[in-house]
Enquirer: 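The structure is given below, and queries will be raised subsequently.
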Amino acid sequence: MASSPILTTSLPQKQLTTSSSSAAGFRLPPPEKLAVLLDKSESVDLVKQIHAAILRRNLFLHPYHPVLNLKLHRAYASHGKIHHSLSLIHQTIDPDLFLFSAAINTASTNGLRDQAFLLYFQLLSSETVPNEFTFSSILKSCSTQSVKAVHTHVLKFGLGLDPYVATGLVDVYARGGGDVVSAQKVFDRMPERSIVSSTAMITCYAKQGNVEAARALFERVPETERDIVSWNVMIDGYAQHGFPCEALMLFRELLAKGRPKPDEITVVATLSACSQIGALESGRWIHVFIKRSRIRVNVKVCTALIDMYSKCGSLEEAVSVFNDAPRKDVVAWNAMIAGYAVHGYSQDALRLFDEMQGTAGLQPTDITFVATLQACAHAGLVEEGVRMFESMGQEYGIKPKIEHYGCLVSLLGRAGRLKQAYEIIKNMEMEADSVIWSSLLGSCKLRGDFVLGKEITEYLIRRNITNSGTYVLLSNMYASVSDYEGVAKVRSLMKEKTIVKEPGVSAIEVDDRVHEFRAGDRNHLQSKEIYTMVRKMSERIKSCGYVPDTDAVLQDLEETEKEESLEVHSERLAIAYGLISTKPGSPLRIFKNLRVCSDCHTVTKLISKITGRKIVMRDRNRFHHFVDGSCSCGDFCGPCKRRTDQILSDWSKKGKAGIWSRSCTA
DNA sequence: GTGAGTTGTT
């Protein structure tokens with residue numbers, strides 16, 4: 001195998017040392033001394049000097065010193081000189097098993113999978129017998145495809161029960177698609193399980209989303225053996241598979257136990273859980289905790305903080321972390337750009353996009369473009385967005401993914417260019433998913449293009465690529481043109497196909513606890529007070545001229561029942577709870593898993609006006625900042641804005657402003 | 001003289 005050209009010039013060469021050591025006037029240290037020097041060498045230059053010395057000594061130490069060769073390999077690798085380190089094996093005649101295994105390990109841990117396999121094959125053909133070290137190293141380079149062959153070799157050499165090899169196998173089976181069956185087979189046969197092998201198996205379960213199995217195994221590990229990695233895997237497993245509350249609870253449990261000490265990874269996983277449920281107070285607490293403990297604020301921790309603050313509704317704090325970050329990589333920039341975009345600060349997002357390439361000298365990635373296109377879509381910057389989309393391929397050589405097409409379709413759709421958006425979906429090189437269709441359908445509803453909307457929906461139902469949202473949108477479209485037969489038809493279709501509308505859940509964090517509400521929920525301890533407040537809110541806004549928009553209600557109900565069903569939408573329960581449990585004038589932060597319905601959007605604007613409260617609401621799509629009767633999203637639907645404006649103008653004529661805040665928030 | 005499990009952005 002040929003070594004890389006840089007190596008032959010930058011590594012000391014044998015031919016440079018033509019004379020013996022005595023001729024150069026030095027007495028070379030003995031091999032043992034050189035080995036010690038290599039182990040504690042602090043610079044590459046020193047390693048190179050020692051390397052040169054070893055080569056000189058080789059003149060009378062033949063063939064070569066295998067231990068020194070190995071130490072040299074490790075010294076180069078530890079200074080990040082991977083290619084120097086690997087080229088040593090190519091310059092060695094008949095490398096021994098130690099050097100082979102070490103080199104395979106270096107290649108594997110540095111992502112040079114092909115190199116690792118070439119070395120492995122070279123080893124096999126050299127009649128050297130691989131051992132457990134070799135396999136634990138080569139397994140790190142295995143994919144789900146190649147693992148079967150290597151597993152066979154493992155069995156052939158009788159190493160299937162070695163704890164390191166078996167752990168490696170479990171780890172590979174857990175990666176990629178995740179072959180739990182094979183992973184479990186290996187794991188079950190292990191005569192002795194260490195915390196490391198159990199953690200590999202827990203990871204495998206967690207990656208499958210089987211958090212119950214993961215937790216069960218985690219609980220089986222004796223408490224004294226659980227190290228921080230196993231806690232991290234479990235916390236992150238919850239956080240990444242739809243159990244953010246469990247992740248936070250487990251983090252609290254870890255703190256209560258006092259050991260092991262949380263590290264950078266623990267806080268990144270926990271912050272991600274906070275972002276998902278909008279637990280701002282918990283997120284802030286963790287930020288303080290990081291500052292107080294010895295946790296390094298590295299770029300990943302910074303990014304997790306930026307993401308947490310922006311997703312929890314505090315863009316200001318996200319910006320402050322971003323500005324103070326000592327080092328920012330493209331991921332950190334992406335998180336900040338996405339933060340601006342989701343809050344509707346589109347100009348700032350675009351400014352950052354320029355700064356990132358200018359002062360910071362970083363190249364945008366496909367994710368940067370998702371964020372910037374979203375910024376354009378949220379602000380209705382159609383021309384900028386289209387230009388951005390085109391430049392992505394033309395100037396940056398980034399192939400658009402379905403997410404980018406999604407932004408483009410939403411951008412054009414919202415602007416009323418429905419036909420053009422439709423054409424884009426039809427001409428994409430990939431299959432459209434339900435997300436992109438829902439976006440176009442939403443625009444059809446927004447723009448009142450019932451004909452196109454109906455055509456698309458029927459096509460989707462025929463092709464069976466629907467989600468519950470498709471049916472809801474279709475029903476809403478029928479309702480908006482008062483076609484109640486159509487509404488009934490959709491309803492029976494949903495019943496027939498047993499499609500259940502995804503339940504809307506709204507959450508609000510009060511006193512470091514997250515309170516969740518579903519529509520009509522009566523599970524909360526203060527349910528009685530909450531409903532009293534809900535009714536009070538309805539009376540107030542109705543007395544100001546608000547009329548419920550019952551078209552948004554899908555169920556077959558009488559008009560008054562429809563009103564009642566709107567009244568107890570999850571976001572209204574969350575707002576009511578916020579009003580009775582926080583100080584007057586303090587902002588409310590509400591989080592919803594679905595998009596806020598247009599009626600609730602109107603109502604929330606009115607409540608913000610009457611109570612003088614700022615209400616920040618995060619829905620599936622973006623943030624809405626309700627202040628003094630208007631919303632930062634610029635009202636995603638026309639009728640909604642007209643309704644609110646009318647109500648507010650009539651109301652101020654009656655001179656009723658301010659009553660609410662005195663009577664209801666004391 | 002060699003080896004194991006965990007982390008961020010849509």
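Labels below follow one simple rule: chain letters A, B, ... track the order of the sequence lines, proteins then strands, and each chain is numbered from 1. These numbers were taken from a predicted model, which means no experiment stands behind them.
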Enquirer: When you measure only distances, ignoring hydrogens and angles, does the side chain of D227(A) come within 3.5 Å of the base of dG5(B) through a donor and an acceptor?
Expert: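 Result: at least one qualifying N/O pair found.
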Enquirer: Mind checking E132(A) for me? I need base, sugar-phosphate or nothing, with any heavy atom below 4.0 Å counting as a touch.
Expert: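 Touches a base.
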Enquirer: Taking atom C1' of dG1(B) as reference, at what distance in whole Å does atom CG of L97(A) sit?
Expert: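 Going from L97(A) (CG) to dG1(B) (C1'), I get 11 Å.
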Enquirer: Could you tell me whether the phosphate oxygens of dT2(B), OP1 or OP2, come under 4.0 Å of any side-chain nitrogen or oxygen in R74(A)?
Expert: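 Yes, within the criterion.
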Enquirer: State whether the aromatic ring of F133(A) stacks on the base of dT2(B), taking stacking to mean ring centres under 5.5 Å apart and ring planes under 30° to each other.
Expert: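 Answer is yes, a stack.
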Enquirer: What class does the angle between the rings of F117(A) and F121(A) fall in, given that below 30° is parallel, 30 to 60° is tilted and above 60° is perpendicular?
Expert: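 It falls in the tilted class, 30° to 60°.
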Enquirer: Can you figure out which of dT7(B), dT10(B), dG5(B) approaches the side chain of A200(A) most closely?
Expert: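 For A200(A), the side-chain atoms sit closest to dG5(B).
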Enquirer: Residues in salt bridge (Lys or Arg N to Asp or Glu O under 4.0 Å) with K185(A), at least two apart?
Expert: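 In terms of salt bridge (Lys or Arg N to Asp or Glu O under 4.0 Å), with neighbours along the sequence ignored, K185(A) is linked to no residue.
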Enquirer: Ignoring the backbone of K300(A), work out which of dA4(B), dG8(B), dT9(B) is nearest its side chain.
Expert: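 Among the listed nucleotides, the one closest to the side chain of K300(A) is dG8(B).
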Enquirer: If you count heavy atoms of other groups shown closer than 6.0 angstrom to CZ of F389(A), is the number above 12?
Expert: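 Counting other residues, nucleotides and ligands, CZ of F389(A) exceeds 12 neighbours.
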Enquirer: Just by distance, with hydrogens left out, do D263(A) and T266(A) show a side-chain donor and acceptor under 3.5 Å apart?
Expert: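 Distance-only check passes for D263(A) and T266(A).
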Enquirer: Select base, sugar-phosphate, or nothing to describe what K140(A) touches, counting heavy atoms under 4.0 Å on all strands.
Expert: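 Sugar-phosphate, backbone atoms only, no base.
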Enquirer: Take the protein atom OH of Y164(A) and the nucleotide atom P of dT2(B), then report the distance between them rounded to whole Å.
Expert: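 Distance, rounded to whole Å: 12 Å.
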Enquirer: Please state how far atom NZ in K33(A) lies from atom C1' in dG1(B), giving the value in whole angstrom units.
Expert: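 Interatomic distance, NZ of K33(A) to C1' of dG1(B): 20 Å.
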Enquirer: Where the side chain of V67(A) is concerned, which of dT9(B), dG1(B), dG3(B) is the nearest nucleotide?
Expert: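 So the nucleotide nearest the side chain must be dG1(B).
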Enquirer: Applying a 4.0 Å non-hydrogen cut-off, can you work out what S194(A) is touching in the nucleic acid: base, sugar-phosphate, or nothing?
Expert: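 The answer is base, as S194(A) lies within the cut-off (heavy atoms under 4.0 Å) of a base atom.
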Enquirer: What is the distance, to the nearest angstrom, from the CD1 atom on I398(A) to the P atom on dT10(B)?
Expert: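 Atom CD1 in I398(A) sits about 17 Å away from atom P in dT10(B).
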Enquirer: I want to verify a distance call: between dA4(B), dG8(B), dG5(B), whose nearest atom is closest to the T109(A) side chain?
Expert: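 Per side-chain heavy atoms of T109(A), the pick is dA4(B).
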Enquirer: Does a distance-only test, which skips hydrogens and angles, find a donor-acceptor pair under 3.5 Å between the side chain of N69(A) and the base of dG1(B)?
Expert: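 There is none.
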Enquirer: Among dA4(B), dG8(B), dG1(B), find the nucleotide with the atom closest to the side chain of D329(A).
Expert: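 Nearest nucleotide to the side chain: dG8(B).
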Enquirer: Is it true that, when you exclude E192(A) itself, more than 12 heavy atoms of the residues, nucleotides or ligands shown sit nearer than 6.0 Å to its CD?
Expert: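 At most 12 heavy atoms, drawn from other residues, nucleotides or ligands, come within 6.0 Å of this atom.
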Enquirer: Under 3.5 Å, is there an N or O donor on one side and an acceptor on the other linking the side chain of D96(A) and the base of dG1(B)?
Expert: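 Per atom types, the contact qualifies.
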Enquirer: What is the distance, rounded to the nearest whole Å, between atom CG of N232(A) and atom P of dG8(B)?
Expert: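 These atoms are roughly 11 Å apart.
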Enquirer: Please check the phosphate of dT10(B) (OP1 and OP2 only) for any side-chain N or O of K311(A) closer than 4.0 Å.
Expert: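 So the side chain of K311(A) is within the cut-off, an N or O lying under 4.0 Å from OP1 or OP2 of dT10(B).
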Enquirer: Closest to the A338(A) side chain: dT10(B), dG8(B), dA4(B)?
Expert: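 From the listed options, dT10(B) comes nearest.
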Enquirer: Base of dG3(B), side chain of D162(A) - is there a donor-acceptor contact under 3.5 Å?
Expert: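 A donor-acceptor contact between them is present.
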Enquirer: Round to the nearest Å and state the distance from L159(A) atom CG to dA4(B) atom C1'.
Expert: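 Spelled out: CG on L159(A) to C1' on dA4(B) is 15 Å.
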Enquirer: Just to verify, what does D348(A) make a salt bridge (Lys or Arg N to Asp or Glu O under 4.0 Å) with, not counting sequence neighbours?
Expert: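 Checked D348(A) against salt bridge (Lys or Arg N to Asp or Glu O under 4.0 Å); matches are R351(A).
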Enquirer: Is it true that E225(A) and R193(A) have a side-chain N and a carboxylate O under 4.0 angstrom from each other?
Expert: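 So E225(A) does not pair with R193(A) through a salt bridge.
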Enquirer: For K328(A), which contact category applies under a 4.0 Å heavy-atom criterion: base, sugar-phosphate, or nothing?
Expert: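 Answer is nothing: K328(A) stays at 4.0 Å or more from every strand.
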Enquirer: Across the strands shown, which category fits D366(A) at heavy-atom distances under 4.0 angstrom: base, sugar-phosphate, nothing?
Expert: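 Nothing, no nucleic acid heavy atom in range.
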Enquirer: How many whole angstroms separate atom CD1 of I228(A) from atom P of dG5(B)?
Expert: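 About 17 Å, once rounded to whole Å.
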Enquirer: Compare the minimum distances between each of dG8(B), dG1(B), dT10(B) and the side chain of T303(A), then state the nucleotide with the smallest one.
Expert: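 Minimum distance to the T303(A) side chain belongs to dG8(B).
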Enquirer: Base, sugar-phosphate or nothing for I195(A)? Non-hydrogen atoms, less than 4.0 Å.
Expert: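 If one applies the 4.0 Å heavy-atom cut-off, I195(A) turns out to touch a base.
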Enquirer: Counting any heavy atom closer than 4.0 Å, what does V233(A) reach on the DNA or RNA strands: base, sugar-phosphate only, or nothing?
Expert: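 It contacts sugar-phosphate atoms only.
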Enquirer: Measure the distance from CG on N105(A) to P on dG1(B) and round it to the nearest whole Å.
Expert: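 Value for this atom pair: 18 Å.
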